[in-house]
Amino acid sequence: QLKLVESGGGSVQPGGSLRLSCLASSGYSYNRRWMAWFRQAPGNEREGVAAFFTESGSLVYADTVKGRFTISRDNAKNTLDLQMNSLKPEDTAMYYCAARTPGNTGRPLSPIDYDYWGQGTQVTVSS
């Protein structure tokens, strides 16, 4: 069973930056998978933030974070990272890393199309 563990959350002032990391369990293959970051604020549905297809390097971003967030894979650390810049109070949420079983199709930012989830890391943006 694939296990995903997020880290890097915290509190930051508006305009600040944070970098989230997602570490997969040992022996996990990143090949031919969609991996993504989602977030969920209290009272809101879980929404896709950014997705990355490991085979082609394709990237997909939600309109709300385009130009501010960057998803990437750190091969040396074997992590999936999310660099978040110019943070806004509306970015406050629990952030989750997710992975899809290879070969599964679906929308890159749709949470129902992902099979494995981390426990989440909290991001709070306030002054």
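Heavy-atom basis, side chains included; hydrogens, waters and symmetry copies ignored. Each residue takes its place number in the sequence, starting with 1.
Here the closest non-hydrogen pair linking A41 and A93 is N-CB, 3.8 Å. Here the closest heavy-atom approach between residue P14 and residue S127 is recorded as CD-N, 3.7 Å. The two atoms that bring Y61 and T70 nearest to each other are OH-CA, 3.3 Å, heavy atoms only. Across L18 and L87, no two heavy atoms sit closer than the pair N-CD1, 3.8 Å. Minimum interatomic distance between A24 and L2 (heavy atoms only, all atoms of both residues): CB-CD1, 4.0 Å. Summarising the geometry of I112 relative to R107, their closest heavy-atom pair is CD1-NH2, 3.9 Å, with the distance given to 0.1 Å.
Distance CD/E47 to CD/Q40: 9.5 Å, rounded to 0.5 Å. Atoms CZ and CG, on F52 and L59 in that order, are 6.5 Å from each other to the nearest 0.5 Å. Taking CG of L4 as the reference point, atom CG of L23 lies at 8.5 Å (rounded to 0.5 Å). Of the inter-residue distances, the one linking S21 atom OG with L82 atom CG reads 9.5 Å to the nearest 0.5 angstrom.
Judged by the 6.0 Å and 45° rule, R100 forms a cation-pi pair with Y114. A cation-pi arrangement is present between R46 and W117, with the terminal nitrogen or guanidinium carbon under 6.0 Å from the aromatic centre and inside a 45° cone about the axis.
Using modelled atom types, one finds a donor on one side chain and an acceptor on the other under 3.5 Å when comparing N85 with S17. Side-chain contact check for S126 and T124: no donor-acceptor pair (N or O, by modelled atom type) lies under 3.5 Å.
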Legend entry - Verdict with reasoning, N104 to D113, per side-chain hydrogen bond (donor to acceptor under 3.5 Å, both in side chains): CA-CA 8 Å; N104 279 4; D113 292 324; over 6 Å; no
Inset, instruction - Give the intermediate values and the outcome of side chain to side chain contact (heavy atoms under 4.5 Å, CB included) for residues W37 and L20. - result: CA-CA 9 Å; W37 284 95; L20 307 182; 3.6 Å; yes
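Using modelled atom types, no side-chain atom of E6 and backbone atom of C22 make a donor-acceptor pair closer than 3.5 Å. Without hydrogens or angle criteria, T92 side chain to V125 main chain gives a donor-acceptor distance under 3.5 Å. In terms of modelled atom types and a separation under 3.5 Å, the side chain of T54 and the main chain of R33 share a donor-acceptor contact. The backbone N or O of Q83 lies less than 3.5 Å from no partner atom in the side chain of R19, so there is not a single donor-acceptor pair.
Remark: D91 does not engage K88 in a salt bridge, criterion side-chain N to carboxylate O under 4.0 Å. Electrostatic pairing of D81 and R73 does not count as a salt bridge here, judged by no charged N lying under 4.0 Å from a carboxylate O.
Annotation: E45, atom CD; neighbour count of heavy atoms from other residues, nucleotides and ligands within 6.0 Å does not exceed 12.
At least one side-chain heavy atom of Q119 sits less than 4.5 Å from a side-chain heavy atom of V5. Within the 4.5 Å cutoff, side-chain heavy atoms of S58 are placed close to those of W34.
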